[in-house]
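Here the structure is laid out as structure tokens; the discussion comes afterwards.
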Amino acid sequence: MKKGRILSGMRPTGRLHLGNYVGALENWVALQDQYETFFMVADWHALTTGYADTSSIKEDTRDMVIDWIAAGIDPERSPVFVQSHIKQHAELHLLFSMIITTARLERVPTLKEQVRTLKLSETTYGHLGYPVLQASDILVYRADTVPVGEDQLSHIEVTRELARRFNSLYGEVFPEPQAKLTKFPRLPGTDGQRMSKSVGNTILISDPPPVIKKKLRSAVTDPEKIRLGDKGHPEVCLVYTYHGKFNAPELKEIERGCRSGELACVPCKENLSSKISSFFQNLRDRREEMEADPEKVERWISEGDDRARHVAEETMEEVRKAMKF
Ligand code: TRP
């Protein structure tokens, strides 16, 4: 017996980095055993901030889906599909947009944050509606569980409010979904800031070993530890944080060596680099196989689309009936 139904999604950002993996993908893979799972490429959501240049969306979608499957998402068990291929999301988005106020959406903190960090001089109508589209993604599958990072909690709150509002106006159609937070804290990028493609401080899960090695060589460490013999502070070192994830068995020994000064940063980074490389060896192999058979990836997506569309249309039939259309 499965515990319930999960829908989650990512905007198409191309090849994924360690932060995406630890913060989301790894969790998705594990959840397939316990839940009925649907995984979506949120390509319409990519337009909310990147509408001017759509040239890379298709390729980024493909690259991301290959990473999902290479990491262990099983497309036979979990439909993997593309948001823009399922028009029912757009219909539900429109209906939801009628029953939520603009004042409510203006209060969503992620909107203000994006305006600030991306230095947007104005907000589009679609960007304001970002959480309404996300609510439609979730509720069109009547998912009850949504694995997301902490930054998405305000969107799940909007989703719950829309489900309640719809149900009280027109009759019970939707569950009130719960967010399911990932346990591992966000991995920093190699410069110590939040790991992000736009910052350029990522290590990709598909990076070949020499690239991982090179990127780690320039990663920031404890500024007070310059050479062998200097006593380090692992709690401020991102290389140590990575060891915690990818090299847990040696963590105690690394901490001791760092604090005492016996372990220098260069060998510590080289050790980590080989641990990360072997952690993702299988993933790189599977990725290579898939690259050699591009039609197979297309087929998985199109089968995922069909399965998703079937469920979404069933929900929309109930929605139209409840609203007397
Ligand atoms: N907003 C999510 C993010 O940026 C992506 C997303 C779109 C999503 N639709 C979703 C996540 C539905 C979970 C459920 O990470």
Side-chain angles (χ1 to χ4, degrees), residues 4-14 16-17 19-29 31-32 35-51 57 60-61 64-65 67-68 73 78-90 92-93 96-97 105 108-115 117-118 126-163 174-182 186-187 194-198 202 304-305 308 311-312 315:
R5 183 180 282 170
I6 276 181
L7 175 287
S8 199
M10 291 184 201
R11 282 174 287 175
T13 52
L16 298 178
H17 56 63
N20 301 132
Y21 181 81
V22 174
L25 185 54
E26 184 180 36
N27 197 31
W28 287 11
V29 171
L31 290 166
Q32 295 180 107
Y35 293 84
E36 186 190 359
T37 38
F38 289 74
F39 298 118
M40 176 192 77
V41 179
D43 57 347
W44 278 337
H45 273 114
L47 301 176
T48 56
T49 54
Y51 59 84
I57 292 184
D60 285 344
T61 295
M64 187 168 78
V65 167
D67 273 344
W68 288 0
I73 297 296
S78 315
V80 164
F81 66 97
V82 177
Q83 182 186 41
S84 67
H85 299 174
I86 316 296
K87 309 305 177 197
Q88 286 79 357
H89 293 230
L92 190 56
H93 170 260
F96 280 164
S97 77
L105 293 171
V108 173
T110 45
L111 181 74
K112 292 183 215 151
E113 196 188 303
Q114 282 183 335
V115 167
T117 57
L118 303 174
H127 195 186
L128 180 66
Y130 188 113
V132 182
L133 183 56
Q134 187 162 348
S136 312
D137 298 337
I138 296 164
L139 293 173
V140 88
Y141 301 100
R142 285 183 276 197
D144 47 44
T145 308
V146 191
V148 282
E150 202 146 19
D151 60 313
Q152 297 291 310
L153 286 180
S154 61
H155 298 170
I156 306 305
E157 200 42 52
V158 170
T159 304
R160 294 167 58 82
E161 285 172 29
L162 276 165
F174 297 113
E176 254 183 67
Q178 300 274 355
K180 190 171 175 56
L181 285 176
T182 26
R186 236 202 199 129
L187 274 193
R194 188 164 93 82
M195 194 182 289
S196 155
K197 188 181 176 182
S198 55
T202 63
D305 287 345
V311 176
T315 304

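Counting convention: from 1, in listed order, for ligands and their atoms alike.
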Enumerated ligand 1 atoms positioned under 4.0 Å from heavy atoms of Arg11: 4 (O)
Any atoms of ligand 1 less than 4.0 Å from a non-hydrogen atom of Ala42? List them with their elements. 7 (C)
Any N or O on Asp137 sitting closer than 3.5 Å to an N or O of ligand 1? yes
Report yes if some N/O of Tyr130 lies less than 3.5 Å from some N/O of ligand 1; otherwise report no. yes
OG (Ser136) and CD (Gln88) are apart, to the nearest 0.5 Å, by 12.0 Å
Value for CZ (Arg194) from CZ (Arg186), rounded to nearest 0.5 Å, stands at 4.5 Å
Within the side chain of Arg160, is there an N or O that forms a donor-acceptor pair under 3.5 Å with the backbone of Pro177? yes
Determine whether the side chain, the backbone, both or neither of [X] has a heavy atom under 4.0 Å from any heavy atom of ligand 1.
X      : result
Val146 : side chain
Ile138 : side chain
Gln83  : neither

Answer with yes or no after comparing the ring centroid distance for His89 and Tyr141 against a 6.0 Å cut-off, counting only values under it. yes
How far is [atom] from the closest protein heavy atom, and which atom is that?
atom                   : answer
atom 8 (C) of ligand 1 : Gln134 NE2, 3.5 Å
atom 7 (C) of ligand 1 : His45 ND1, 3.3 Å
atom 6 (C) of ligand 1 : Gly9 O, 3.8 Å
atom 2 (C) of ligand 1 : Gln152 OE1, 3.3 Å

Close side-chain approach of Met64 to Leu16, heavy-atom, < 4.5 Å: yes
Residues, nucleotides or ligands: over 12 heavy atoms within 6.0 Å of Glu157 CD: yes
Angle between ring planes, Phe81 versus Phe38, binned at 30° and 60°: parallel, tilted or perpendicular? perpendicular
Could you walk me through whether His155 and Asp137 pass the side-chain contact (heavy atoms from CB on, under 4.5 Å) check? CA-CA 11 Å; His155 298 170; Asp137 298 337; over 6 Å; no
